[in-house]
Structure formats: C-alpha cells, structure tokens
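Numbers restart at 1 for each chain; the letters A, B, ... are given by sequence-line order, proteins then strands.
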Protein chains: 2
Amino acid sequence: MYTESIEDYLKAIYEIQKEHAKVSTNSLSEKLNVAPASVTSMIKKLSEKKLVTHKRYQGVKLTKAGQKISLEIIRHHRLIELYLAEALGVPWDQVHEEAEKWEHVLSEDLEDRMDAVLGYPTRDPHGAPIPSRDGTIAELDSIPLADLRSGQSAVVAEVSDHDPDLLRYVGKMGLYPKAKFKVLSIEPFNGPIKIKVDGSEHVLGSGAAQYVFVTEVKGSTTGAT
Amino acid sequence: MYTESIEDYLKAIYEIQKEHAKVSTNSLSEKLNVAPASVTSMIKKLSEKKLVTHKRYQGVKLTKAGQKISLEIIRHHRLIELYLAEALGVPWDQVHEEAEKWEHVLSEDLEDRMDAVLGYPTRDPHGAPIPSRDGTIAELDSIPLADLRSGQSAVVAEVSDHDPDLLRYVGKMGLYPKAKFKVLSIEPFNGPIKIKVDGSEHVLGSGAAQYVFVTEVKGSTTGAT
DNA sequence: TATCATTTTTAGATGAGTCTAAATTCTATT
DNA sequence: AATAGAATTTAGACTCATCTAAAAATGATA
C-alpha cells in the first residue's frame, strides 16, 4: 500500500496529464495546494518507486504502474461518489469532498460490494467514467458547452466536479448528465448563453459553460458568429 | 479536528477505562500496538490538550472533553459497522476492520444520513450500544456466558469484536445478539460448555465464552459446580 | 545573443508519530 | 526495610510530508 499523499499525487498527475500533456511541478503545486518545493521532493520519491518518469525541469509522466494505481484511486473515488448519491441521497455538489477522504481507506471487498449494489455502473454522478477494476477507462469524446452555436442541441455528458458552487449553479438549470438541451442564443466575446432545458429557459455564463461537456451535437453550425 | 492517532488513543482509553479503571501505559501500548515510550509521549500531548488527566506512573483518565470525542468516534465506528452489515451485507467479522479506517473520515452529514437510513439504531452488529449524537451511551448490564451454570438459559447481548476468528466461531453456532440459548452442561476448570441454540446443540470453549455477554439469565443456579 | 522573469530544484528546518536503549520509579516479596 | 523485577519515563534518533529561502536552470524577448 502507498501513503495517502502518494495516492493524491498520482491521481493529480493523471488528471493533469489528461488535459495538458506536460505535468509541471507548478501545476501539481496548485492542484494539491502545496509548495513547489514539496512537489519536487515528492516527485523524487515517486520516481524512485518507478511510479513516474521525470527529467529535471521537464515535468513528470506516469509509468504503467503509476497509472494503474491512479486509476484504482479514481475508481474508488467515482464509485463512492455514485454510491453516496444513489444510496444515501448526498447532493452531487457534496459527494466529491466526502469521496476525497474515503477513497484512501476503501477496501477492495467493499468496492466490489458497492459496485454490485449499483449494478456495475460506468459513470459517476458528474458523468465522469468509472475505470474498471483492471484499469481501463472510457474517456469521453465531448466538447465544452461554450463551443456550441445558436440553434444547436446536445446532451450533457459531464460536468467538472472541481467546484461545488458550479455544480449547484448548473444543477439548478437541470444540466445533469444525460440532460438534453438546445442553445437558443450565444453572445460573442464569452457572452451569456441562453439555453432551453426540459421546457424551461435559462441563461448561463461562459465561465460555467467551459466546464459543462456535451455530446450528440445536432443542428445548424452557422447560426451565430 | 484531531489527528487520527489522537482519536485512536482516546477511543482505546475509553475502552480500557470501561473495564479496568486504571488505564496504564502498558495496556495502551498493547491495545494500540505501539511501544510504551510512544504512549508516554502521546499521553503528554493529550494531557496538554486537556483531553486526559495524568499523574506520572499512575495511568490516565479521560476528561469530559476527551470522553466526548472518544464517544463521537465510537459512534462513528458502530454506525459504520451496522451500516456495512445491513446495507452492504458485509459479514459481522469483517465490519470492524473496515470501520476502523472509515470512522476517522466520516462527515457529520453522512453520519446523520446513515443513522436515518438505519432507523436510528441503538446497537451495532455485535450488540454494542451506539452512543447518541450528544454523547450518551447505554452501557449494558450483562455477564460472560462463561459464568452461567448448567440448566440456565439466557439471551446473547453482545459479542466482543476484538477477534474476527472469534466472531466466525460463535457465529457458526448462531450466537448472535438477541439469540436465545440454554446451557446444557458446563465442565469445571474452564472446561467446554454444551449449549442449545435454536434447536441445535453446540460445544463452546471457555475462552470464547469469556467474550460472549448475556442477559435475561433464567433457571437453576444450582445445576453444576 | 544577452538578460531577465519564471519555473524548478536544493538546502535546511519543522512537526507528528513512532522507535530503541537507558534511566527512573513503583511494587511485591523476602 | 531492602531489593529484584516490572512498569514507566527520558533521551535521542528516524521517517514522512511539509515549509521557507536561496540557488540554478529554462526560455522569452529585446
């Protein structure tokens, strides 16, 4: 077993790697809320344990072994989130925080039991894919809502869980995973976006729209500038 | 919030205090699997935080504040045990280990949700009382099964959860909390005990019978020597 | 291409919790 | 009451993860 701290680093590296290719000391420092010097010394340790590869001043990259562990933690995290939401009615903006602590102490046996009770799910409450036990993960092919055009309709695939306020904000509009909606208008220069979800209209700031990812985009691409 | 280690010490002190009045450095050392010197230094810290009182060479005692915290942890522990058994079907010999880790990271909100789902229970799967939120606990008035006499019948109140093997052993005989049974014979000098539970007979070593606590004792006290 | 701001690393310290070995205090027995 | 053996505490060291301050490397631009 690895320490909680090591698990947190590996998870953070995986998440940054998914978006940025370069996983810098600074990005980890920000994500984990620790000083850059602390990151450097942890990187040294992870590197010795062959969980990451590291070239000085060039960022880190997970090894096979490192990725396996990070996906195990992410599996724990997302199964827990879904379990809390489904079985105990915890609101989707609170499940992340709870899972953040529990994920490090969940046994494999309990993981399996939760998985079974949930019916072997593939998505967490925010739409993020749940890695399988053997370490495969179905990453989504989705785009930010902010990139849509007027007149297009789409389906919510995933909402970033990094900020509870964001989740409450878009939740009030009904923008949960699998929700269908239509873009009525979208203003230029990152202006507000008017959408129709389940019969009712809402206006959404572009900041939030960056963090709502959608699929099944249909309709005119020429509606607005 | 206190560290996991502090919580473990407080819980251990509570548990020893319940049986032994003197909570010695050595008893803590054994219960927590740490060196006696480590206990001494932790006692110093707990004492500074006013969670225990301590006279050198004379053992420790929980303060009001210390007891409150230890009961909160025990509440977490026992609610989790019951939840795991009821909601996820975890066998009663495994719930302790799982709860031991989870108890330290359980939020108050989740505690409340589990409490409600379980219907505000008063006993964990081993029959131990669950402290209330405000820190009251209904300690049981029970005696070890080993102290019974031939011919007496009684009801299982609680089984010690300190050893999973013990739980599996007595579980095979049906000696769960609330089970009624009758002592058919009991041999002297800590000999084997023959009992009848739910229609079938079993023989039980006195070692195990020390850790099974019973109430509602009825019948002859004069049956055996 | 030389310089300067940014990023990263090194050096050294800190706090938490643990350990071993040695000293001290207590207690039971003669 | 003296003393042997057990329990407890002190002293000093270790690991883990972090920090701050300072040095070094990078790379962007004038």
Side-chain angles (χ1 to χ4, degrees), chain A residues 1-14 16-17 19-62 66 69-70 73 100-101 103-105, chain B residues 1-17 19-62 65-66 69-70 73 100-101 103-105:
Chain A
M1 258 313 252
Y2 295 97
T3 65
E4 189 166 323
S5 193
I6 286 179
E7 291 182 350
D8 281 337
Y9 274 86
L10 292 175
K11 188 161 62 115
I13 293 167
Y14 181 90
I16 296 170
Q17 204 168 77
E19 314 241 300
H20 291 301
K22 281 269 134 67
V23 181
S24 68
T25 298
N26 257 6
S27 61
L28 282 167
S29 161
E30 273 174 41
K31 180 142 201 156
L32 295 166
N33 265 301
V34 295
S38 309
V39 174
T40 299
S41 70
M42 181 55 98
I43 283 174
K44 201 178 151 203
K45 178 180 297 182
L46 296 177
S47 192
E48 280 161 7
K49 291 184 190 297
K50 310 273 189 199
L51 298 171
V52 302
T53 54
H54 176 56
K55 287 176 234 139
R56 291 179 77 228
Y57 294 94
Q58 297 297 126
V60 292
K61 194 169 178 300
L62 290 173
I69 294 160
S70 74
I73 305 302
E100 205 65 9
K101 300 171 294 175
E103 63 189 7
H104 299 292
V105 297
Chain B
M1 257 313 251
Y2 294 98
T3 66
E4 191 167 320
S5 194
I6 285 178
E7 291 182 349
D8 281 337
Y9 274 88
L10 293 175
K11 188 162 62 115
I13 293 167
Y14 181 90
E15 282 163 5
I16 296 170
Q17 205 168 78
E19 314 243 298
H20 292 299
K22 282 269 133 69
V23 181
S24 67
T25 299
N26 257 6
S27 62
L28 282 167
S29 160
E30 274 174 42
K31 181 143 200 154
L32 295 167
N33 264 298
V34 295
S38 309
V39 174
T40 299
S41 69
M42 181 56 96
I43 284 173
K44 201 177 151 204
K45 178 180 297 179
L46 296 176
S47 192
E48 280 162 7
K49 291 183 189 296
K50 311 269 190 204
L51 298 171
V52 302
T53 54
H54 176 56
K55 289 176 233 137
R56 292 179 74 222
Y57 294 93
Q58 298 296 126
V60 292
K61 194 168 179 300
L62 289 173
I69 294 160
S70 74
I73 304 300
E100 204 66 8
K101 300 170 296 175
E103 65 190 4
H104 300 292
V105 298

Between [N] and [X], is there an OP1 or OP2 to side-chain N/O distance shorter than 4.0 Å?
| X | N | result |
| --- | --- | --- |
| A/His54 | C/dT8 | no |
| A/Thr40 | C/dT10 | no |
| A/Ser5 | D/dC16 | no |
| B/Asn26 | D/dA6 | no |
| A/Ser41 | C/dT10 | no |

Counting only side-chain heavy atoms from C-beta out, which of [options] sits nearest to [X]?
| X | options | answer |
| --- | --- | --- |
| A/Ala37 | D/dA21, D/dA11, D/dT18 | D/dA21 |
| B/Ile6 | C/dT20, D/dT18, C/dG17 | C/dG17 |
| A/Tyr57 | D/dT26, D/dT8, C/dC19 | D/dT26 |
| A/Ser24 | C/dT8, D/dT9, C/dA16 | C/dT8 |

Which whole-number value in Å describes the distance from [X] [atom1] to [N] [atom2]?
| X | N | atom1 | atom2 | value |
| --- | --- | --- | --- | --- |
| A/Ile43 | D/dA17 | CD1 | P | 14 Å |
| A/Glu4 | D/dA17 | CD | P | 10 Å |
| A/Arg56 | C/dT10 | CZ | C1' | 9 Å |
| B/Gln58 | D/dT8 | CD | P | 10 Å |
| A/Leu28 | D/dT18 | CG | C1' | 15 Å |
| A/Met42 | D/dT15 | CE | C1' | 12 Å |

Query raised in the report: Given that A/Ser38 and B/Lys44 both sit by DNA chain D, which one's nearest nucleotide is further toward the 5' end?
Result: B/Lys44
Report task. Give A/Tyr9 one of three labels, base, sugar-phosphate or nothing, depending on what nucleic acid heavy atoms sit under 4.0 Å from its own. Result -> sugar-phosphate
Query raised in the report: NA contact type, B/Thr3, heavy-atom cut-off 4.0 Å: base, sugar-phosphate, or nothing?
Result: sugar-phosphate
**Report entry** More than 12 heavy atoms from other groups under 6.0 Å of NZ on A/Lys31
**Finding:** yes
**Report entry** Distance in Å, B/Leu28 CG paired with B/Met42 CE, rounded so as to fall on 0.5 Å steps
**Finding:** 10.5 Å
